[in-house]
Asker: 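Quick one: structure below, then a few questions.
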Amino acid sequence: MSTLATDGRPEPLVVRSREIEDPGALLALLPPTSDALAWVHGGDGIVGWGRAASYSPDGDDRFDAADDWWAEVVDASVVRDEVELPGSGLVAFGSFTFADGPGSVLTVPEVVVGRRDGRCWVTTIGLSLGPSPALSTSTPTDPSGTLFADEPGRRDDWAATVEAAVRRIQSGELDKVVLARSVDAAFEEPLDVRSPLARLASAYPSCWTFHVDGFFGSTPEMLVRLQGGLVTSRVLAGTIRRTGDDARDLSLAASLARSSKDLEEHEYAVRSVADALAPHCTGMNVPESPFVLHLPNVMHLATDVTGVLRDDAGVLALVASLHPSAAVGGTPTADAVRVIAEIEQLDRGRYAGPVGWIGASGDGEWGIGLRSAQVAPDGRGARLFAGCGIVADSSPADELAEADAKLIPVRDALA
């Protein structure tokens with residue numbers, strides 16, 4: 001839905017943000033409703049609910065169409081922002097599909113609650129300025145009787161797909177392709193998504209925990225952040241599973257940092273991000289070597305690419321330039337996306353697509369929808385996703401083990 005005036009333009013929205021006392025855990029404020037929205041990192045972030053306006057673009061111009069719609073919403077709105085922090089004022093949460101099909105959405109909530117650097121606020125958005133809502137918490141219902149479908153035949157089929165990808169890479173058709181695999185979950189009762197969100201945020205505070213329109217997860221990868229002219233992108237590629245033994249994990253981290261296969265995969269991903277941002281940025285900083293990012297279940301090779309915005313692009317324009325990066329598509333990108341469509345045999349939906357938020361200024365934060373799941377419309381099922389970067393010397397058994405490790409966060413959150 002998109003709230004429209006009689007001339008087809010968005011209805012004017014009245015927006016007010018005011019500072020409040022710390023309300024506690026942001027996710028605990030979400031009501032038990034399917035239109036709950038979340039973007040939380042280490043306790044900070046924004047959550048929202050209600051639907052003041054929304055827009056669902058599709059096709060290969062979906063980012064441009066969303067950017068145009070958002071500009072119209074901003075132009076038509078009256079904003080009183082007494083906080084003036086990233087995430088206050090008029091904001092929209094969004095999630096975009098990996099490919100060009102339908103399913104992308106931008107949603108302007110009716111209520112937003114945020115926290116950043118010790119300051120908290122509430123924003124109300126609507127056709128008129130109403131009273132600030134009374135904030136309260138409620139306990140989510142944990143999933144019950146969860147069953148996961150990951151049969152041996154399904155695993156074997158995915159390993160065979162990896163083998164097919166390796167053959168095409170070794171033939172010189174492309175350098176790298178990222179293949180996704182899925183696991184289905186079924187629940188006895190409709191899922192209360194607030195429960196897995198709370199579990200993910202608690203277990204993975206250094207990741208960005210999100211929920212938009214039934215798509216939820218906890219991603220370690222910031223596709224792009226734009227704040228006050230500073231552009232930041234965190235690139236992850238190259239993964240090894242943790243053992244739980246600190247000494248062993250330190251040794252594994254060292255081996256990951258020396259792995260030619262993982263370094264090659266990481267180099268492709270960093271180069272694709274730097275090349276995509278270069279037309280928009282000056283003073284870019286692209287570190288020569290990655291660092292090892294330690295998460296509770298895995299370790300990644302990581303590089304933070306930064307730059308200063310040179311043009312008037314908003315964050316959605318940067319998202320459009322970056323997606324899909326080599327980290328989720330492959331290299332060369334066009335060839336990798338074609339191979340994915342030919343051999344993956346999976347509708348990714350919004351998995352590995354951009355997810356995040358945009359503010360009225362055009363600033364915002366957008367991650368890559370990894371370590372994620374899509375809830376079925378009736379709430380009684382979900383499809384979990386994970387992916388692996390395949391290069392010439394990839395081993396199907398190793399890639400399957402890596403995908404299993406990446407599925408752990410959401411599997412545990414739903415168990």
Side-chain angles (χ1 to χ4, degrees), residues 39 41-42 44-46 63-64 66-68 70-71 74 81 84-89 91-92 94 96 116-117 119 175-176 206-208 219-238 257 262-294 300-334 353-368 370 389:
W39 179 262
H41 176 258
D44 282 2
I46 52 176
F63 300 109
D64 292 339
D67 208 11
D68 290 343
W70 180 241
V74 171
D81 186 357
E84 296 187 343
L85 284 175
S88 67
V91 297
F96 288 87
R116 180 180 289 266
D117 300 330
R119 296 177 62 192
D175 297 317
K176 171 191 171 183
S206 63
C207 295
W208 288 268
T219 179
E221 192 154 359
M222 175 64 69
L223 178 64
V224 63
R225 174 192 293 117
L226 176 60
Q227 183 177 331
L230 179 64
V231 179
T232 307
S233 180
R234 170 162 289 182
V235 183
L236 304 183
D262 291 294
L263 288 170
E264 177 187 16
E265 179 187 346
H266 191 80
E267 181 184 355
Y268 289 140
V270 172
R271 188 187 311 147
S272 73
V273 166
D275 289 347
L277 289 178
H280 297 287
C281 294
T282 60
M284 289 188 62
N285 179 35
V286 184
E288 293 184 1
S289 301
F291 64 93
V292 178
L293 177 67
H294 295 251
H300 297 288
L301 292 179
T303 295
D304 289 334
V305 178
T306 59
V308 177
L309 194 68
R310 78 159 82 229
D311 54 25
D312 60 355
V315 71
L316 285 180
L318 301 178
V319 168
S321 296
L322 286 164
H323 179 77
S325 72
V328 295
T331 307
T333 300
V355 58
W357 64 272
I358 183 172
S361 67
D363 287 1
E365 296 178 312
W366 290 80
I368 300 177
L370 307 175

Asker: If you take all heavy atoms of A276 and P279, which pair is closest and at what distance?
Answerer: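 Looking at all heavy atoms of both residues, the shortest contact is O-CD, 3.3 Å.
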Asker: So if I apply the side chain to side chain contact (heavy atoms under 4.5 Å, CB included) rule between P290 and each of V270, D262, L301, which one comes out positive?
Answerer: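 Only one of V270, D262, L301 forms a side chain to side chain contact (heavy atoms under 4.5 Å, CB included) with P290, namely L301.
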Asker: Could you go through the side-chain contact (heavy atoms from CB on, under 4.5 Å) check for T232 and M222 one step at a time?
Answerer: CA-CA 8 Å; T232 307; M222 175 64 69; 5.7 Å; no
Asker: Quick one: do R116 and D44 make a salt bridge, cutoff under 4.0 Å?
Answerer: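 Not counted as a salt bridge, because no side-chain N and carboxylate O are separated by less than 4.0 Å.
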Asker: Looking only at non-hydrogen atoms, find the nearest pair between V91 and W70 and report the distance.
Answerer: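 Minimum heavy-atom separation between V91 and W70: C-CH2, 3.7 Å.
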Asker: If we only count heavy atoms from C-beta on, is the H280 to S321 side-chain gap below 4.5 Å?
Answerer: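 Counting from C-beta outward, H280 and S321 do come under 4.5 Å.
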Asker: First locate atom OG1 of T333, then atom OH of Y268, and finally report the distance between them rounded to the nearest 0.5 Å.
Answerer: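 Result: 12.0 Å between the selected atoms.
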Asker: Return yes if some donor-acceptor pair links the side-chain N/O of T219 with the main-chain N/O of I368 below 3.5 Å, else return no.
Answerer: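 Here the side-chain-to-backbone pair exists.
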Asker: State, with a plain yes or no, whether a side-chain heavy atom of D275 is found less than 4.5 Å away from one of R271.
Answerer: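 Answer yes - side chains close enough.
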Asker: Roughly how far apart are E288 CD and E267 CD, rounded to 0.5 Å?
Answerer: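 CD of E267 is found 11.5 Å from CD of E288.
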Asker: Is any side-chain heavy atom of T303 closer than 4.5 Å to a side-chain heavy atom of H266?
Answerer: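 Yes, at least one pair of side-chain atoms sits under 4.5 Å.
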Asker: Side chains of L236 and L370: closer than 4.5 Å at any heavy-atom pair?
Answerer: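 Not touching, per the 4.5 Å side-chain cut-off.
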Asker: Can you find a heavy atom in the side chain of P86 that is under 4.5 Å from one in the side chain of W357?
Answerer: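 In short, these two side chains touch, coming nearer than 4.5 Å.
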Asker: Where do A326 and S272 come nearest, in terms of heavy atoms and distance?
Answerer: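 Looks like N-OG, 3.0 Å.
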Asker: Among side-chain atoms of W208 and E365, is any donor-acceptor pair under 3.5 angstrom?
Answerer: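 The answer is no; no qualifying pair exists.
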Asker: Taking C-beta and beyond as the side chain, do V231 and L318 meet within less than 4.5 Å on heavy atoms?
Answerer: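 Yes, at least one pair of side-chain atoms sits under 4.5 Å.
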Asker: Working to the nearest 0.5 Å, report the span between CG of L226 and OG of S361.
Answerer: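 That separation rounds to 7.0 Å.
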Asker: Under the 3.5 angstrom rule, does the side chain of S325 hit a backbone N or O of A327 as a donor-acceptor pair?
Answerer: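 It does hold such a pair.
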Asker: Any side-chain heavy atom of P332 within less than 4.5 Å of one from D175?
Answerer: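 SC-SC contact between P332 and D175 confirmed.
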Asker: Does a side-chain heavy-atom distance below 4.5 Å link L277 with L322?
Answerer: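 In short, these two side chains touch, coming nearer than 4.5 Å.
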